[in-house]
Amino acid sequence: MARRTFIAGNWKLNLGPASSARLAEELVRTLADRGEVDVALYPTTISIPAVQAVLGGSGIELGVQEVEAFASGAYTGANSPVLCREAGCTRALIGHSERRQRYGETDAGVAAKTVACLDAGLLPMICVGETLQERDAGVAADIVGHQVRAALSALPADRVGALTIAYEPVWAIGTGRTASPAEAQEMHQHVRAVLRSLYGDVIADGLRVLYGGSVTPETAPALLGQPDIDGALVGGASLKAASFAAIVRASH
Ligand code: PGA
């Protein structure tokens, strides 16, 4: 089954409203002729309204980098899927390794947030990936398989179709060190095998598994050429229109 390529830009804690709007404007212009590829931008929360105002009918989607698992209430400082949907987001990142490592995100939290996003109409992208120690210890596939199973534990097959998985080896994020296309393909194939064991062929062959970790215009073509790599989650290289657009164009 043909899976449509998906290129996502995770701007992390960069770019306020004005500079986010400028970058989004440039991308709307530059990517107007992008063809058969899905593109989504994940600005920092404070910049979501500014980017939303620019994206208009461009077809470029808007996502939030982090949400809680509840809709509203006495949770000072939190973001909810319902309110992000109201602000124009259609997507959300969940379980990014920076959240897991620095903010204590747990597998149970990832599972609960996934359900809350689906309930609110946000399409979740679940991020998984092993640390360098785990890779060196030979347990990378076990760790990633566990993270995928745990994230999906609360989901029946009829709700899984809306998900995207992003495999991001922690040792490749922001380090300039990319997994080789063969290393990445091997893990993507493993993730798809886990999905197959949980939900069967139709879901496993239909879900998109993105690669993330120091993707650049130089590394993108070989990564995106792998049969089980369906796109990229791009951090650093998504902060400049030229490099992000080059990665989008590398996908076909
Ligand atoms: P990077 O970040 O491209 O800067 O390595 C990717 C990510 O963390 O999503």
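Values reported hereafter were calculated over all heavy atoms of this structure, with side chains retained and with hydrogens, waters and symmetry mates removed. For ligands, and for the atoms within them, numbers begin at 1 and follow the listed sequence.
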Hey, which atoms in ligand 1 end up nearer than 4.0 Å to a heavy atom of [X]?
{"X": "E168", "value": "6 (C), 7 (C), 8 (O), 9 (O)"}
{"X": "H96", "value": "7 (C), 8 (O), 9 (O)"}
{"X": "G174", "value": "1 (P), 4 (O), 5 (O)"}
{"X": "G213", "value": "5 (O)"}
{"X": "N10", "value": "9 (O)"}
{"X": "G236", "value": "1 (P), 3 (O), 4 (O)"}

Looking only at protein heavy atoms, which one is nearest to atom 2 (O) of ligand 1, and what is the separation? K12 NZ, 3.3 Å

Do the side chains of D33 and R249 get close enough for a salt bridge, i.e. N-O under 4.0 angstrom? yes

Any carboxylate oxygen within less than 4.0 angstrom of a Lys/Arg side-chain nitrogen, looking at D205 and R192? no

Do you know the tightest heavy-atom contact between I60 and R34? N-NH2, 3.7 Å

Of the side chain and backbone of A172, name the one, both, or neither that has a heavy atom under 4.0 Å from an atom of ligand 1. backbone

Determine yes or no for a side-chain-to-main-chain donor-acceptor pair under 3.5 angstrom, with S20 supplying the side chain and L15 the backbone. yes

Is S97 reaching over with its side chain to a backbone N or O of R100, donor-acceptor style, under 3.5 angstrom? no

R208 and salt bridge (Lys or Arg N to Asp or Glu O under 4.0 Å): which single residue from D228, D38, D230 fits? D38

For the residue pair Y75 and F70, does the interplanar ring angle fall in the parallel (under 30°), tilted (30 to 60°) or perpendicular (over 60°) class? parallel

Could you tell me if any non-hydrogen atom of S214 lies under 4.0 Å from any atom of ligand 1? yes

Would you check the N or O atoms of G235, main chain and side chain alike, for any that come under 3.5 Å of an N or O of ligand 1? yes

